[in-house]
Structure formats: structure tokens, C-alpha cells
Engineer: 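Quick one: the structure is below, questions incoming.
What's counted below: heavy atoms across the whole structure, side chains too, no hydrogens, waters or symmetry copies.
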Amino acid sequence: MSYGLKIRKDAELDFLSLGALVHRLDPGIIPFRKATKYQVHVSGGEFNVAANLSDCFGLKTGIASAMSDYPIGDLIAEHVRAMGVKPFYKHFKHDGVTGPNMAAVYSDRGFGVRAPVVFYNRSNEAAAQLKPGDFDWKKIFAGGVKWVHCGGIFAALSPTTAPLAAEMMREAKAAGAITSFDLNFREKLWKIHGGNEKAVETIATIVENVDVLVGNEEDLQKGLGIPGPEVAAKSKLDPSVFFGMIDNVVKKHPHVKVVATTLREVHSTGRHSWSAVAWIDGKTYTAPTAELDVLDRVGGGDGFAAGFIYGLLSGEPPEEAVKLGWAHGALLTTFPGDTTMATLDQVRAFAKGGSARIQR
């Protein structure tokens, strides 16, 4: 299957992400104002996809990112190694007081009617200092890379990160790689860098060299400036609004071949209805709806992106690629942390309609 994409057969890396590496502090169901302990998870919207593709799907992946040389950086670098992801770091020397720092994300899990709460400490973040020219793309791409990925979180970090992402996409296209971008619109991040209007202007410079987009209706509206159609969704699981926007997406960005997203209806913090949809080279596909008991929802969207990209890279039929993303994203919500603990066999079994019956 080509999906309108020209995926190279031989390459040193199957997949390369550009993005910030962060550590997420997770007190479980206890709000931070009352927390006395927490788990540390290594994360990053762009890194999560590379980690998932390596650890679960067995692909050769890499991450281009900033690394501050102090103990928190060491902790993060160890997890990158553990997930089998090849690092390409721009190193920063930490001054022992103010940084540059590896960003912290504070995220509790909520419970029942109490929603999870997310906030950040991205002060003097090393990744925000990355700029065009910091990576030797010709050297990185010399051995071949099949697929290159970035996202809206990294683009929103500073005035220099989006130009770096745009630079990478240009170099990736010149080197024959498929390019993808997860819009991942974060109001809190864009608010301090010019708001929605600036976001649309900035993201456009990246998307002009992107083949595959990941993002829901809100992402398409706020990240790309695409107007929504005159149709009301019956529920969060109704794909009509998403599919109704595709014509406008393709009109504005005619080179885009694939647009995909997850659909999620949140009944309570621990109970979600979950599906996924994709527009692939002119045709639409919808995954089944699963009723999920959610342990930790963070990273589910990145889990979908990883399974979906794996399906496309592997030449699976389009509906199977969507199901693989849907299944892996669903399984990821059953693990603590932001990156996968699933196996490929588990993903394929769930994608085929498997159950939670005990495996003996």
C-alpha cells in the first residue's frame, strides 16, 4: 500500500522525531496541593511516538532534542536508552542554579468526576533554546530515514523552535523521508507566544512540507485556521465534523495525503469511549468504539500516532493502520506513564477484537 506516500524501502532509521524531552511528575489520584510523593515519567509528545515505535513495534527510531547535563538530564537520557531510541542531542551545560533545565510537567490523574490537572515548569528550558543550525541534518539523514515527525508542542516553545522544525521538514523532504506533524494544540503554550493567530502563521511554515497530519477538529481550527463546517456533531465520537473539515484542509494544504485523529467521549476520569478516524488519500476510515477503563490517559494520542504510523510504514491496509493506532492508544491508557508497555502481539490481538480474558 502506498496511500499516496512514497516510503523508501531501505534506511538506517525507520523514524526520527524532533521535540523536547521532559519529566512528568505524577502523584496519582492525589492533587498536587496535597501530594507528598509522586512518580517520575519521562515524556515529550514527539519522543513518545519514537519510544512507542521502538519498544512495542520494533522499529529503529531516533530523537533530536536538547539535553542539559545535570542529574535530571541523566535520568531522562537513561530512559531514552532504555526505550531503544537513538539520541541526537544538542548539549547544554547546567549552571547548577538556573539551568538550562529539562522541563517539568505536573499532571495528576484525577478520579471519577474530578478531571486530571496539567501545568508546567518550562522556565529556562533547554529545548526552547534550540534553533535552526543546531543539528547537522545532512549527516543525520545520510544513512536514510523513512519517516520524520514533529509536533505543535515543540513548535510553541519559543520563537526559534518552529523555524527549526520547518528546517528539519525541508531537509527531510529533500532526503526522501515522509514527514508528519501532530498539531497537538496547547492553549497555555501558545498564549505566551502570540495566541491563536500567531500559532496559525507559525504552524503554516512547518506544514508546507508535511505529508501526514494528526489532529482533531479543535487542532485543525486553532492550529491551521481551518473553519469548521455547518454541522453539529451528535457526540464526541461522531466523525462528521472532522471529515467535514478535510476539504478545507486539503484546499489550504494540497500536498497533505493523510489526516488522522482519535475520538474520545469522557464519561468520567476512568471511563472513556474511544475510537479513531482517518482520511487517507481521499478515502475515510473509522475504527470501532471501545469502552475503556482508564488508568492514566496521558500519552494515549501519541500511542495512536505510533500504531498508525507503524501500520503505514508496514504497508498495512488503511483500515488496519487505523485499527493498530486505535488499539495501541487504548492499551497505552492501561499503563502508568506516557510511553508504552504493550507488546505488538497484544496490539494486534486488540485490533482484531481481543478481550481482557486472562492469558494462560
Side-chain angles (χ1 to χ4, degrees), residues 2-8 15-20 45-46 49-50 64 127-128 130-138 140-141 144-186 189-190 193-228 242 245-261 278-282 305 308-309 312-313:
S2 69
Y3 325 101
L5 305 173
K6 294 181 180 178
I7 302 173
R8 60 188 301 166
F15 181 89
L16 174 72
S17 271
L18 168 67
E46 299 82 11
V49 184
L130 292 174
K131 61 187 185 304
D134 278 347
F135 297 98
D136 187 342
W137 298 119
K138 285 185 170 49
I140 291 172
F141 293 139
V145 179
K146 292 182 181 178
W147 193 294
V148 168
H149 180 73
C150 193
I153 294 175
F154 181 72
L157 291 185
S158 77
T160 61
T161 52
L164 173 58
E167 175 189 75
M168 180 189 70
M169 293 300 183
R170 288 194 301 271
E171 294 287 344
K173 292 303 294 179
I178 301 301
T179 54
S180 63
F181 189 78
D182 189 333
L183 289 161
N184 245 340
F185 190 87
R186 294 292 185 269
L189 294 179
W190 284 109
H193 291 298
N196 287 19
E197 190 174 325
K198 184 65 175 178
V200 171
E201 176 189 324
T202 302
I203 290 171
T205 64
I206 302 169
V207 172
E208 65 186 13
N209 284 298
V210 166
D211 302 305
V212 178
L213 282 172
V214 179
N216 60 25
E217 306 95 280
E218 183 183 18
D219 293 326
L220 297 176
Q221 289 178 22
K222 294 186 175 180
L224 295 183
I226 302 295
F242 175 78
M245 296 178 71
I246 296 299
D247 285 346
N248 286 329
V249 172
V250 177
K251 183 183 288 187
K252 189 171 184 178
H253 301 286
H255 51 282
V256 170
K257 302 295 192 298
V258 177
V259 189
T261 190
W279 175 90
I280 301 175
D281 199 23
F308 181 60
I309 290 170
L312 297 182
L313 277 171

Engineer: Given side chains that start at C-beta, do those of Pro163 and Lys131 come closer than 4.5 Å, heavy atoms only?
Structural biologist: no
Engineer: Quick one: closest heavy-atom pair of Ala64 and Trp137, and the distance?
Structural biologist: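 Shortest heavy-atom contact: CB-CH2, 4.1 Å.
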Engineer: Suppose the criterion is salt bridge (charged side-chain N to carboxylate O under 4.0 Å, His left out): which pairs have a residue in residues 147-162, not counting sequence neighbours?
Structural biologist: none
Engineer: Return yes when atom NZ of Lys252 has more than 12 non-hydrogen atoms of other residues, nucleotides or ligands closer than 6.0 Å, and no otherwise.
Structural biologist: yes
Engineer: Please determine whether side chain to side chain contact (heavy atoms under 4.5 Å, CB included) holds for the pair Trp279 and Val249, giving the CA-CA distance in whole Å, both sets of side-chain angles, and the decisive distance to 0.1 Å.
Structural biologist: CA-CA 11 Å; Trp279 175 90; Val249 172; over 6 Å; no
Engineer: Quick one: does any side-chain atom of Thr161 pair with a main-chain N or O of Ala128 as donor and acceptor, under 3.5 Å?
Structural biologist: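 Not a single qualifying donor-acceptor pair exists.
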Engineer: Just how far is it from atom CG of Asn196 to atom CZ of Phe185, taken to the nearest 0.5 Å?
Structural biologist: 4.0 Å
Engineer: Search all heavy atoms of Leu189 against all heavy atoms of Ala156 and return the closest pair with its distance.
Structural biologist: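 Closest approach of Leu189 to Ala156: CB-CB, 3.9 Å.
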Engineer: Kindly write out the residues that satisfy side chain to side chain contact (heavy atoms under 4.5 Å, CB included) with Ser180, not counting sequence neighbours, or none if the list is empty.
Structural biologist: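 Side chain to side chain contact (heavy atoms under 4.5 Å, CB included) check on Ser180 returns Trp147, His149, Val212, Ile309.
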Engineer: Quick check for you: to the nearest 0.5 Å, what is the distance between Arg186 atom CZ and Ile153 atom CD1?
Structural biologist: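 Result: 4.0 Å between the selected atoms.
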Engineer: Nearest 0.5 Å, please: how far is CG in Asn216 from CE in Met245?
Structural biologist: 9.0 Å
Engineer: Before you tell me yes or no, could you show the steps for Leu220 and Glu217 under side chain to side chain contact (heavy atoms under 4.5 Å, CB included), namely the whole-Å CA-CA distance, both residues' side-chain angles and the distance that decides it to 0.1 Å?
Structural biologist: CA-CA 5 Å; Leu220 297 176; Glu217 306 95 280; 5.6 Å; no
Engineer: To the nearest 0.5 Å, tell me how far Leu5 CG sits from Asp211 CG.
Structural biologist: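 Those atoms lie 6.0 Å apart.
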Engineer: How long is the span from the OG1 atom in Thr179 to the CD atom in Glu171, to the nearest 0.5 Å?
Structural biologist: 13.0 Å
Engineer: To check you understand the geometry: which heavy-atom pair defines the closest contact between Pro227 and Asn248, and what is its length?
Structural biologist: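 Heavy atoms of Pro227 and Asn248 come nearest at O-ND2, 3.6 Å.
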Engineer: In plain terms, say whether Lys198 and Glu201 are close enough for a salt bridge, that is, a side-chain N and a carboxylate O under 4.0 Å apart.
Structural biologist: yes
Engineer: Checking His253 now: which residues fulfil side chain to side chain contact (heavy atoms under 4.5 Å, CB included) with it, not counting sequence neighbours?
Structural biologist: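 His253 satisfies side chain to side chain contact (heavy atoms under 4.5 Å, CB included) with Val207, Leu224, His255, Val256 only.
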